[in-house]
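Structure, as C-alpha cells:
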Amino acid sequence: MSTTDGRLAVVVLVSGSGSNLQALIDAAASPASRFCITGVISNRPGALGLQRAVAAGIPTRVVDHTLFPDRHSFDAALAEAIDGFSPGLVVLAGFMRILTSDFVGRYAGRMLNIHPSLLPEFQGLHTHRRALEAGVREHGASVHFVTDELDGGPVIAQVRVAVKTGDDEASLAGRVLAREHELLPQVVGWFASDRVALRDGRAWLDGKALQEPVECCA
Ligand code: NHR
Ligand code: GAR
C-alpha cells in the first residue's frame with residue numbers, strides 16, 4: 001500500500017508508448033510527490049512503456065494476453081503480478097485490454113483509467129476519429145474510477161481541448177495527449193493525498209461528491 005517513506009505505492013498498466021507513464025515517473029521524481037511507482041506491467045512484450053520503466057529503475061512484468069486461453073485466466077495472472085508489487089493504487093495508462101468483473105472488484109475504488117475523450121462522450125476505442133466525425137468543437141480526456149461499466153465509472157477530472165479547423169486524428173490526438181500528461185499526475189497526486197475516493201458509486205473530492213468532473217488543471 002505504502003512505501004517505507006510513506007508514499008502511496010502505484011502500479012501502472014500499459015500497452016504501448018507509455019508517455020502517460022513517463023508523466024507519472026517524472027511527477028514521482030519530485031521530492032514533494034506523495035506517490036511512488038513500484039511496478040509497471042504490460043500485456044505487450046514490446047511496449048515502449050516497459051523501456052521507460054527500466055530506464056527509471058522501476059521493476060517490470062509482462063503478462064502477455066496472447067498466452068492465455070481466456071480473459072479470466074489472463075486477469076488472474078495480471079492480478080498476481082500486480083499484487084506482487086503491493087500497490088495502493090492501480091493506474092491504467094494506455095492499457096488496451098477489457099478487464100473482467102472479478103478483476104475490477106478486486107481493485108474497486110483503487111483503480112483509475114485515463115480515457116481520451118470527454119466522458120460520457122466517446123466511450124471505447126478510436127475516440128479522436130469519432131470526435132472528428134461527429135464534428136464536436138471540444139474534445140479532451142478524462143480520468144475515472146474503473147468499474148464494470150467500460151469507460152463508465154465515475155469521472156474525477158477532465159482536460160478540454162478545442163478542435164481546430166484542419167485537425168486530423170493525429171494532430172488532435174497529439175494535443176489531447178499533451179494535456180493528459182498534466183491531468184493524470186494531478187489526479188494520482190490527489191488520490192495519494194487521500195483527497196479523492198469512490199464512495200456510493202460516486203467520485204468524491206475533498207469530502208464532497210462531485211456533481212461534475214473537475215476541470216484540470218489550473
Ligand atoms: N475494464 C473495465 N472493466 N472497465 C473499464 O472502464 C476499462 C477496462 C479496461 C480498459 C480502458 C479503455 C479506454 O480508456 C479500460 C477501461 C480497451 C478497450 C478494448 O476494446 C476498450 C476500452 C478501453 C481499453 N479492448 C479490446 C479488447 O478486446 C482490444 C483492443 C486492442 O487490443 O487494441 O479487450 O479506452
Ligand atoms: C492515451 O491517449 C490514452 O488516453 C489512450 O491511449 C493513449 C496511450 O498513450 N488510452 C486508450 O485509448 C485506452 N483504450 P501513452 O501510451 O503514450 O500513455
Side-chain angles (χ1 to χ4, degrees), residues 10-27 37 40-53 56 60 63-75 78-79 82 90-131 139-161 169-188 198 201 203 216:
V10 178
V11 165
V12 183
L13 271 49
V14 299
S15 297
S17 134
S19 69
N20 277 295
L21 164 66
Q22 190 66 56
L24 291 173
I25 290 171
D26 295 347
I37 302 168
V40 169
I41 303 171
S42 175
N43 64 306
R44 295 208 179 112
L48 178 59
L50 291 168
Q51 294 178 40
R52 295 180 189 269
T60 61
V63 184
D64 182 345
H65 66 278
T66 65
L67 304 180
F68 294 85
D70 53 43
R71 288 188 192 266
H72 271 100
S73 55
F74 168 69
D75 281 7
L78 188 59
I82 291 170
V90 177
V91 177
L92 311 185
F95 183 71
M96 297 307 291
R97 299 301 298 173
I98 295 172
L99 299 161
T100 58
S101 180
D102 285 351
F103 182 94
V104 169
R106 186 183 185 95
Y107 303 104
R110 49 194 187 101
M111 182 156 56
L112 302 177
N113 176 45
I114 183 154
H115 178 80
S117 79
L118 292 172
L119 291 172
E121 286 186 90
F122 308 116
Q123 298 173 335
L125 303 177
H126 313 298
T127 57
H128 306 300
R129 186 189 312 165
R130 288 158 57 211
H139 188 45
S142 307
V143 173
H144 65 92
F145 282 105
V146 175
T147 66
D148 269 353
E149 204 186 324
L150 187 65
D151 296 326
V155 178
I156 301 161
Q158 296 180 322
V159 286
R160 290 175 182 278
V161 170
E169 217 177 315
S171 63
L172 182 56
R175 287 209 311 290
V176 171
L177 188 61
R179 299 295 312 285
E180 291 182 40
H181 301 159
E182 298 172 41
L183 174 65
L184 186 57
Q186 172 86 255
V187 178
V188 172
L198 176 68
C216 198

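Each ligand, and each atom within it, is numbered from 1 in the order the structure gives.
Within the listing of ligand 2, atoms 1 (C), 2 (O), 9 (O) sit less than 4.0 angstrom from a heavy atom of Leu177. Using a 4.0 Å cut-off to heavy atoms of Pro116, the atoms of ligand 2 that qualify are 4 (O), 5 (C), 10 (N), 11 (C), 12 (O). Annotation for ligand 2: atoms under 4.0 Å from non-hydrogen atoms of Glu180 are 1 (C), 2 (O), 3 (C), 4 (O).
At least one N or O atom of Asn20 sits closer than 3.5 Å to an N or O atom of ligand 2. Checked against a 3.5 angstrom limit, the closest N/O atoms of Gly94 and ligand 2 fall outside it. For a threshold of 3.5 Å applied to N or O pairs, the pair formed by Asn113 and ligand 2 contains no separation below that value. Considering both main-chain and side-chain atoms, His128 never comes within under 3.5 Å of ligand 2 through any nitrogen or oxygen pair.
Proximity of Leu177 to Asn20: side-chain heavy atoms (C-beta onward) are separated by under 4.5 Å at one or more points.
Looking only at distances, a side-chain donor or acceptor of Arg130 sits under 3.5 Å from a matching main-chain atom of Leu125. Although no hydrogens or angles enter the test, the distance criterion places no donor-acceptor pair under 3.5 Å between the side chain of Gln22 and the main chain of Arg52.
Ligand 2 lies within reach of Gly18, whose nearest heavy atom is under 4.0 Å from it. Residue Ile114 places a heavy atom under 4.0 Å from ligand 2.
Side-chain contact annotation: Asp102 with Thr100, donor-acceptor N/O pair under 3.5 Å absent. No hydrogens or angles considered: a donor-acceptor pair under 3.5 Å links the side chains of His128 and His139.
Among protein heavy atoms, the minimum distance from atom 17 (O) of ligand 2 is reached at Ser19 OG, 2.6 Å. In terms of protein heavy-atom proximity, atom 14 (N) of ligand 2 is nearest to Met96 SD, 3.2 Å.
Nearest heavy-atom pair across Glu180 and Pro116 is OE2-CB, 3.8 Å. Smallest separation of non-hydrogen atoms from Ala23 and His181: CB-O, 3.6 Å. When all heavy atoms of Ala93 and Leu184 are compared, the closest pair comes out as CB-CD2, 4.2 Å. Here the shortest heavy-atom pairing between Leu78 and Val63 reads N-CG1, 4.0 Å. Contact between Tyr107 and Phe103 at its shortest, heavy atoms only, is CD1-O, 3.3 Å.
For the atom pair CD1 of Ile114 and CG of Leu92, the computed distance is 11.0 Å after rounding to the nearest 0.5 Å.
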Could you go through ligand 1 and list every pair where one of its N or O atoms sits under 3.5 Å from a protein N or O, giving the atom names and the distance to one decimal?
| from | atom 1 | to | atom 2 | distance (Å) |
| --- | --- | --- | --- | --- |
| ligand 1 | 1 (N) | Leu99 | N | 3.1 |
| ligand 1 | 3 (N) | Leu99 | O | 3.0 |
| ligand 1 | 3 (N) | Thr147 | O | 3.3 |
| ligand 1 | 4 (N) | Thr147 | O | 2.9 |
| ligand 1 | 6 (O) | Asp151 | N | 2.8 |
| ligand 1 | 14 (O) | Asn113 | ND2 | 2.8 |
| ligand 1 | 14 (O) | His115 | ND1 | 2.9 |
| ligand 1 | 14 (O) | Asp151 | OD1 | 3.3 |
| ligand 1 | 25 (N) | Met96 | O | 2.9 |
| ligand 1 | 28 (O) | Arg71 | NH2 | 2.7 |
| ligand 1 | 32 (O) | Arg44 | NH2 | 3.1 |
| ligand 1 | 34 (O) | Arg71 | NH1 | 3.0 |
| ligand 1 | 34 (O) | Arg71 | NH2 | 3.4 |
| ligand 1 | 34 (O) | Ile98 | N | 3.0 |
| ligand 1 | 35 (O) | His115 | ND1 | 3.0 |

